[in-house]
Amino acid sequence: MSFEILNKAIGMLDADIIEAAEAAPERRTSVTAFAKPWMKWAVAAILIVVIGVGTPVALNMMGAFRNENFVAPGGSGNSGFIAPADGSSESGSGQSPEGESSSKADEPSLSSSQPGGSSAETPDLSSSGTPECDVPEQPEGDFVKENMPAVTYRINGEYKTFDYQSSTAVVDSGSSYVIDHYVGSDGSTVSANAGTGELVKYEKDFSPKYLDSSIFEAEAVETAKSIAVNTAIGLSGLDNANSSVECSDDKFFVVLSVAEGSVEICLDSEGGLVSFAVKRNP
């Protein structure tokens, strides 16, 4: 084996060692004869090491290890490979890394387990729609509310307070509403719309008076208009309302009509207020 081959194989011997070896020829024969068998195996081992170390480096530089299916030791599935943005691999095989493929194969498919592709955590309400709450309707008739406060209304220029008594559910021409009933300290009663608070009816105890003299119909109309203007009826223009009057025994029934509705006022024979009822146009 020549000096150049040996020198390259064992890693470039120092020139001083070579010169020292050449200066002692009398020992060269014996050393060479003793070392030839050993040197042969040493060179072979060095060559194996060089090949074993250099081959992976060379192959790595040539791209031999650019394999997307390489899995890091330990089976963690984190190979350090970054897939392209479109999800396809460079080799075009369409296979995911082994760590991911094995775990995803064990996971249940959420899109196939629910109709319409909905997940198990979010139930699909498209077929059943939004759940509706059944709200019970108040049946027609009388009933009593709880914790109802007293109310105050202006009746013929006088403010009167009334306490709650009961309520009535009314269905009229397809529409339903509730009327609240109150009673005053003098025994008079009022009824009001529960939704708006507007007066619907007023009535007090009536004792017939048989008198020789009585007001006339014209006086009854003017008295009725004055009462309507000074009562919280909620209809405008009652002082100039169209009127009609009827007499029955010792009572006068005066009807005042305006664009918003009408009110029927009952007077006794002396012109005192007995009752009224309000009707509002729809």
Side-chain angles (χ1 to χ4, degrees), residues 140-145 148-173 175-282:
E140 187 175 5
D142 295 334
F143 62 98
V144 177
K145 299 179 181 179
M148 289 291 290
V151 295
T152 300
Y153 289 102
R154 185 164 64 101
I155 307 295
N156 195 18
E158 181 182 356
Y159 287 92
K160 293 185 177 182
T161 300
F162 302 87
D163 296 323
Y164 174 78
Q165 292 295 301
S166 62
S167 299
T168 302
V170 180
V171 177
D172 184 17
S173 302
S175 61
S176 61
Y177 53 92
V178 174
I179 301 298
D180 293 333
H181 307 290
Y182 301 83
V183 62
S185 58
D186 60 353
S188 61
T189 61
V190 293
S191 299
N193 189 306
T196 63
E198 297 174 336
L199 282 176
V200 176
K201 186 177 181 180
Y202 168 84
E203 186 174 8
K204 73 173 185 178
D205 293 336
F206 173 69
S207 297
K209 296 178 180 180
Y210 299 98
L211 302 174
D212 294 336
S213 62
S214 176
I215 62 173
F216 297 101
E217 293 184 0
E219 293 177 287
V221 171
E222 293 302 321
T223 301
K225 288 183 178 180
S226 177
I227 293 173
V229 170
N230 290 282
T231 301
I233 294 178
L235 298 177
S236 59
L238 289 174
D239 53 342
N240 295 317
N242 296 325
S243 61
S244 62
V245 59
E246 293 182 4
C247 296
S248 175
D249 296 335
D250 54 351
K251 293 180 182 178
F252 291 94
F253 295 92
V254 181
V255 178
L256 304 177
S257 301
V258 293
E260 299 175 19
S262 63
V263 54
E264 181 183 80
I265 300 176
C266 177
L267 304 175
D268 60 22
S269 59
E270 293 181 330
L273 175 62
V274 176
S275 65
F276 66 78
V278 181
K279 182 178 179 180
R280 289 175 175 82
N281 295 332

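In this text, all values refer to a predicted model and were calculated from it rather than measured experimentally.
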### Query
If only atom types and distance count, is the side chain of Ser175 paired as donor or acceptor with the main-chain N or O of Asp172 below 3.5 Å?
yes

## Note on the structure
The reported gap from CD1 in Ile179 to CD in Glu198 (rounded to nearest 0.5 angstrom) is 10.0 Å

### Query
Does CD in Glu246 sit with more than 12 non-hydrogen atoms of other residues, nucleotides or ligands closer than 6.0 Å?
no

### Summary
For Gln165 and Val183 the tightest heavy-atom approach is NE2-CG1, 3.0 Å

### Message
Closer than 3.5 angstrom, by distance alone: can the side chain of Glu219 be matched with the main-chain N or O of Phe216 as a donor-acceptor pair?
### Response
yes

### Query
Counting only N and O atoms by type, is there a donor-acceptor contact under 3.5 Å from the side chain of Tyr164 to the main-chain atoms of Lys145?
yes

### Task
Of all the heavy-atom pairs spanning Ser167 and Asp180, show the shortest one and how long it is.
OG-OD1, 2.6 Å

### Summary
Here the gap from Ser185 atom OG to Phe162 atom CZ, rounded to the nearest 0.5 Å, amounts to 8.5 Å

### Message
Within this structure, what is the NZ-CD distance for the pair Lys201 and Glu264, rounded to the nearest 0.5 Å?
### Response
10.0 Å

### Task
Of all the heavy-atom pairs spanning Leu273 and Lys204, show the shortest one and how long it is.
O-CE, 2.8 Å

### Query
Atom CG in Leu238, atom OG in Ser243: separation rounded to 0.5 Å?
11.5 Å

### Task
Find out whether the Lys NZ or Arg CZ of Lys160 is both under 6.0 angstrom from the six-membered ring centre of Tyr202 and within 45° of the ring's axis.
no

### Query
Nearest heavy-atom pair of Ser248 and Phe253: which atoms, and what distance?
CB-CE1, 3.9 Å

### Side-chain donor or acceptor of Thr231 paired with backbone N/O of Asn156 under 3.5 Å
yes

### Shortest non-hydrogen contact between Ala192 and Gly197, atoms and distance
CB-O, 4.0 Å

### Message
Taking the side chain as everything from C-beta on, heavy atoms only, tell me whether Thr161 gets closer than 4.5 Å to Thr152.
### Response
yes

### Task
Before giving the answer on side-chain contact (heavy atoms from CB on, under 4.5 Å), spell out for Leu199 and Ile233 the whole-Å C-alpha distance, their side-chain angles and the decisive distance to 0.1 Å.
CA-CA 6 Å; Leu199 282 176; Ile233 294 178; 5.6 Å; no

### Any side-chain donor near an acceptor of the partner, His181 and Thr168, under 3.5 Å
yes

### Message
In the structure I gave you, are the side-chain heavy atoms of Ile265 and Thr223 within less than 4.5 Å of one another anywhere?
### Response
no

### Exam field: side chain Asn193 to backbone Val200, donor-acceptor pair closer than 3.5 Å
no

### Message
Nearest 0.5 Å, please: how far is CG in Asp250 from CG in Leu267?
### Response
11.5 Å

### Query
Would you say Lys225 and Leu256 make side-chain contact, with heavy atoms under 4.5 Å?
yes

## Note on the structure
Closest non-hydrogen atoms of Ser166 and Val144, given as atom of the first, atom of the second and distance, are CB-CG2, 4.3 Å

### Query
If you measure from NZ on Lys279 to CG on Leu235, what distance do you get to the nearest 0.5 Å?
12.5 Å

